[in-house]
Amino acid sequence: MFELRNVEKRFPGVHALKGINFQIDRGEIVGLVGENGAGKSTLMKVIYGAVQHDGGEVLVDGKAVRFQNPREAMDRGVGMVFQEQSLIPNLTVMENIFLGFEKQFARFGKIDWKRMAKAAGEQLRKVKLQIDPRTVTSKLSFAQRQLVELAKVLTLEERVHSHLVILLDEPTSVLSKEEIGLLFSLVRDLRKRASFIFVSHRLDEVIELSDRIYVLKDGAVVDVVKGAEAMAESIQQRMVGRDINQEYYREEKQRPYDVQRLLLQADRISLPGHYKDISVKLHAGEVLALVGVEGCGSEAILRTIFGLERMQSGTLSLHGGLVHDFGPSQGVARGIGYVPRERKIEGIVGGMNVFENMTLSQLGNYARAGVLDIGSERKLARDWIKRLSIKASSENADCGNLSGGNQQKVVLAKWRSGGSTIILLDHPTRGLDIGAKEDVYEMIREMSADGVGIVLIADTLEEAIGLSHTIAVVKDGEIQKWFNCQPGEKPSLYDLLHHMT
């Protein structure tokens, strides 16, 4: 019912899609996997009408189409549930669901809010979400917002007569195991109404949900496998083009940290509603992981250390000196770097290029009499692009157009090139493919060897165990247990889970 034949797409200096052949049948769930930069985002944008292809054909029910924008794609039944979510937080759920299509509820220039709420309720029942459509969207959990996104796409049923094609872009990246199970059950139930293209870096989930899986590498389809016959290891090898290093977390490179150099000390710091009586020490070269369930308080601790949150009691010392009236500017000046969970929102500035993003936190080093030395900025960016193998056409490339893994490398390069001695990592590998994760792990080992102190909130417990020297288990805003994670003394998953829950 939906097909791409020999689809091509080029950007300046980049051949993004190379003769893509892709098919999806009625009621089918098709997986799409590949490294960051493999072309998945560009392919989805072509399907969704956000980008126009240069060559080849897109066919719906056997007829060639050329979507000039997402609105035209929606008119033919193609919708997308975005990874970063496209909902407007200060609007109500019903306003988000019918955003751009309010005219159907208007009479004499006024919107019939009661009728809109009733219609929104019908859409929410499709995704089995029991909430008041008048609720302000910012009050919903991430999982609830994800279902509202899906309900929004399903409104296409009432506007088009064809079977729907729904793109799911990393829909499980921050969901719990139970929420993922509910989402998968819902997607299977909706197969009578729609076909799905499921994009994820979690190969076990793609294999579980998909009927067929397309594997992309360097802008081309390198394999198509049936979900029932798929093996994660072989897919990884096709994605990356090499065998995955068995020392995945680079544990052989873990070295003892310098117990004589204390970089950071928090003494009984508290922030009501988030954490209380937290005391931690971070030494040069140490990787300290904070583990716990979602909402345990670890993220607020990181943001306090950087100065984004203000503790209400306790003391914080950096490099042996107490800090007062502390904010992000002071944190950066004292050598702290922060890699946030939401890299597209807080990590990079989309619309600015790679070299501007890399030097953003250290512009004083590139200014002479108030004038920026752009040549030096460019040179620094070129050096780091080469050093970290960042896939960008040049240092002038728009950072917002890079893949997630390459954006993360730019953020890490920003702090490393600026000489940060303490780096706070909040889910640094979230949404990254296996190759990009390996690159991040390598950087963490390099930073540790250089004497940088790292506080880590990992994406998985295995990641925390594999990367860290020390683990603090946080539950309900309090540290429950400390673990030594020297090689040969690593705790088990059960050891951590026992204290987390």
Side-chain angles (χ1 to χ4, degrees), residues 9-18 34-42 45 83-84 170 201 216-220 239-242 244-245 250 337-363 365-366 374-420 423 425-447 450 452 454 459:
K9 182 62 186 177
R10 293 178 183 270
F11 298 102
V14 179
H15 193 174
L17 298 179
K18 305 170 184 175
E35 279 194 287
N36 289 102
K40 300 190 304 299
S41 295
T42 303
K45 287 175 181 176
Q83 176 187 3
E84 302 296 336
E170 295 283 352
H201 292 304
L216 261 62
K217 177 173 172 56
D218 297 330
M239 283 169 51
V240 180
R242 65 180 190 277
I244 302 302
N245 192 329
R250 308 298 193 262
Y338 175 51
V339 179
R341 178 186 304 202
E342 300 288 352
R343 61 176 165 268
K344 285 183 180 291
I345 299 172
E346 297 181 320
I348 65 159
V349 182
M352 292 178 70
N353 59 40
V354 172
F355 81 78
E356 289 170 328
N357 270 280
M358 279 193 192
T359 58
L360 196 57
S361 63
Q362 48 179 317
L363 289 177
N365 298 334
Y366 295 92
I374 293 177
S376 295
E377 288 185 274
R378 291 181 190 275
K379 183 180 183 305
L380 174 112
R382 285 195 297 269
D383 291 344
W384 280 93
I385 287 171
K386 183 177 180 180
R387 179 173 173 179
L388 301 183
S389 301
I390 297 172
K391 292 182 180 179
S393 55
S394 74
E395 71 274 16
N396 298 310
D398 184 340
C399 209
N401 290 335
L402 302 185
S403 67
N406 289 301
Q407 288 176 346
Q408 195 72 307
K409 290 180 183 181
V410 171
V411 177
L412 286 163
K414 172 175 64 178
W415 300 119
R416 287 290 281 142
S417 64
S420 297
I423 293 186
L425 303 176
D426 187 357
H427 291 79
T429 60
R430 175 190 158 195
L432 303 191
D433 63 73
I434 193 166
K437 284 182 179 181
E438 283 196 302
D439 291 339
V440 172
Y441 299 152
E442 189 71 35
M443 282 192 72
I444 289 173
R445 291 302 182 202
E446 288 178 5
M447 291 189 290
D450 289 344
V452 175
I454 298 167
D459 218 35

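Any value given below was found using the heavy atoms of this structure, including those in side chains, with hydrogens, waters and symmetry copies removed. Residues: numbered from 1 along the sequence shown.
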I need the [X] [atom1] to [Y] [atom2] distance, nearest 0.5 Å.
{"X": "E356", "Y": "C399", "atom1": "CD", "atom2": "SG", "result": "10.0 Å"}
{"X": "R378", "Y": "E395", "atom1": "CZ", "atom2": "CD", "result": "5.5 Å"}
{"X": "K45", "Y": "N401", "atom1": "NZ", "atom2": "CG", "result": "6.0 Å"}
{"X": "L216", "Y": "S41", "atom1": "CG", "atom2": "OG", "result": "10.5 Å"}

> What closest approach, in Å, do G418 and Q362 show between heavy atoms, and which atom pair accounts for it?
Replying inline: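 Looking at all heavy atoms of both residues, the shortest contact is N-NE2, 3.4 Å.
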> Do you know the tightest heavy-atom contact between A397 and A392?
Replying inline: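 That would be CB-CB, 4.2 Å.
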[X] side-chain N/O to [Y] backbone N/O, donor-acceptor pair under 3.5 Å:
{"X": "K18", "Y": "A220", "result": "no"}
{"X": "N357", "Y": "I348", "result": "no"}
{"X": "Q407", "Y": "L402", "result": "yes"}
{"X": "H15", "Y": "L17", "result": "yes"}
{"X": "D398", "Y": "G400", "result": "yes"}
{"X": "Q408", "Y": "P428", "result": "yes"}
{"X": "K414", "Y": "G337", "result": "no"}

> Under the criterion salt bridge (charged side-chain N to carboxylate O under 4.0 Å, His left out), which of R445, K409, R387 is the partner of D439?
Replying inline: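 Answer after filtering R445, K409, R387: K409.
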Check whether any side-chain heavy atom of [X] lies under 4.5 Å from a side-chain heavy atom of [Y], and answer yes or no.
{"X": "L425", "Y": "M443", "value": "no"}
{"X": "N365", "Y": "T359", "value": "no"}
{"X": "V354", "Y": "W384", "value": "no"}
{"X": "Y338", "Y": "D426", "value": "yes"}

>> Does the Lys NZ or Arg CZ of K437 fall within the cation-pi geometry relative to Y441 - under 6.0 Å from the ring centre and within 45° of the axis?
In response: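 No, K437 does not sit over the ring of Y441.
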> R416 and I423: side-chain contact (heavy atoms from CB on, under 4.5 Å), yes or no, with the steps?
Replying inline: CA-CA 9 Å; R416 287 290 281 142; I423 293 186; 4.2 Å; yes
> Passes side-chain contact (heavy atoms from CB on, under 4.5 Å), T42 versus F11? Steps please.
Replying inline: CA-CA 10 Å; T42 303; F11 298 102; 3.9 Å; yes
